[in-house]
Amino acid sequence: MVRMTASTPARRVLLAAPRGYCAGVDRAVIAAEKALEQYGAPIYVRHEIVHNKYVVQTLEKKGVIFVERTEEVPEGSIVMFSAHGVAPTVHDEAAQRRLATIDATCPLVTKVHKEAVRFAKDDFDILLIGHEGHEEVIGTSGEAPDHITLVDGPEDVANVEVRDPDKVVWLSQTTLSVDETMETVSALKTKFPGLISPPSDDICYATQNRQIAVKKLAEDAELVIVVGSRNSSNSVRMVEVALDAGAPASYLVDNAGECDEAWLEGVTTVGLTSGASVPDILVDGVIEWLAERGYGDVETVKTADESITFSLPKELRRDLRAEAAALSES
């Protein structure tokens with residue numbers, strides 16, 4: 001336990017706003033909970049609904065079964081597709097197994113899928129900036145596998161080849177670091193001067209807002225704690241952004257139990273934020289942990305307002321409406 005003395009400098013926590021759940025994550029988690037209420041357990045979800053250990057474990061306790069392959073879902077069951085999206089082949093697999101599907105893909109990811117389909121139809125080479133093996137990249141690549149080349153960071157640009165340098169476009173994974181993505185785009189434009197940008201920025205508004213907020217924290221905090229799981233791309237990026245922005249130290253934790261008192265040595269100001277798939281309860285736990293160690297002064301640092309919401313998946317809305325109509329008639 002950190003000891004307070006009369007000469008101890010005032011200690012504080014700078015709490016980022018916005019932080020935590022984005023609209024796409026909120027939609028996916030609510031969709032899973034509503035599906036359990038509507039259809040009963042079990043509900044199968046292909047891949048983790050969002051990249052957060054606590055959220056996944058909580059839903060498992062309620063009756064969600066997470067699977068990695070469509071063939072793991074019993075024929076005739078209900079399967080939900082995660083917020084990261086899936087390739088068209090997965091929809092085909094579900095149809096073959098007579099599965100009822102609920103598509104909880106984030107609408108911003110769906111936008112990138114539609115862009116890939118449109119550019120492929122026009123026979124462009126599509127350079128997809130993203131991390132190999134990430135579910136979102138796999139899903140987007142599956143929309144136009146013969147036209148998409150993955151570019152995993154600026155160091156990968158030298159390996160990129162296209163058929164026609166004047167007919168090439170870039171798209172990106174939505175959860176990347178804005179700065180790193182623009183660095184990759186700059187390198188690509190140097191190699192391919194005719195490179196076309198997508199009609200709108202692919203990087204999610206929430207990812208950008210959280211990165212801007214963490215940069216603000218890094219201006220004053222000697223330590224930045226990011227709450228998020230290690231398989232969460234946007235959470236991992238936020239630690240990198242904090243360090244790049246000048247924070248002397250930054251760490252990623254799933255919860256307060258992973259915080260280390262040694263990090264607080266000589267620290268008067270702690271920046272605290274969370275990834276886009278993190279519920280507030282986990283941030284509250286870190287706030288309590290810090291308060292117990294003398295960091296009881298919490299100041300909110302607001303850098304943006306977020307008011308975007310997304311409606312539930314259409315399949316779920318349809319069945320909820322049908323149930324409501326049946327109840328009103330009875």
Will you find, in the side chains of [X] and [Y], an N or O donor that is under 3.5 Å from an N or O acceptor?
| X | Y | answer |
| --- | --- | --- |
| Ser177 | Asp179 | no |
| Asp123 | His147 | yes |
| Thr207 | Asn234 | no |
| Arg11 | Thr268 | no |
| Glu68 | His47 | yes |
| Ser311 | Arg317 | yes |

> Name the one of Thr181, Asp125, Ile196 that satisfies side chain to side chain contact (heavy atoms under 4.5 Å, CB included) with Trp170?
Replying inline: Thr181

> Going by the angle between their ring planes, with limits at 30° and 60°, are Tyr251 and Trp263 parallel, tilted or perpendicular?
Replying inline: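 Geometry flag for Trp263 against Tyr251: parallel rings.
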
If hydrophobic clusters are built from ILVMFWY residues whose side chains come within less than 4.5 Å, do [X] and [Y] share one?
| X | Y | answer |
| --- | --- | --- |
| Ile308 | Val112 | no |
| Trp289 | Tyr54 | yes |
| Val117 | Val169 | no |
| Ile148 | Val109 | no |
| Met80 | Val29 | yes |

>> Given 3.5 Å as the limit, does a donor-acceptor pair link the side chain of Arg230 with the main chain of Val236, or not?
In response: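 Checked: no pair found.
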
> Do Arg19 side-chain atoms and Leu15 backbone N/O form a donor-acceptor pair below 3.5 Å?
Replying inline: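 Not a single qualifying donor-acceptor pair exists.
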
>> Less than 4.0 angstrom from a charged side-chain N to a carboxylate O is my criterion; do Glu219 and Lys216 meet it?
In response: yes

Least distance between heavy atoms, [X] atom then [Y] atom:
| X | Y | value |
| --- | --- | --- |
| Leu252 | Ser235 | CD1-CB, 3.9 Å |
| Glu136 | Thr174 | OE2-N, 2.7 Å |
| Val86 | Thr105 | N-OG1, 4.4 Å |
| Ser232 | Ser277 | OG-OG, 3.9 Å |
| Ala94 | Thr101 | CB-CG2, 3.7 Å |
| Pro74 | Leu99 | O-CD2, 3.2 Å |

> Do the side chains of Tyr44 and Glu72 get nearer than 4.5 Å, heavy atoms only?
Replying inline: no

> Which salt bridge (Lys or Arg N to Asp or Glu O under 4.0 Å) pairs, counting each pair once, include a residue from residues 27-52, with sequence neighbours left out?
Replying inline: Glu33-Lys62

>> How long is the straight-line distance from CG of Asp319 back to NZ of Lys314, given to the nearest 0.5 Å?
In response: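 Result: 12.0 Å between the selected atoms.
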
>> Taking atom NZ as the centre, does Lys53 end up with more than 12 heavy-atom neighbours from other residues, nucleotides or ligands that are less than 6.0 angstrom away?
In response: no

> Under 6.0 Å from the CD atom of Glu132, do we count more than 12 heavy atoms belonging to anything else shown?
Replying inline: no

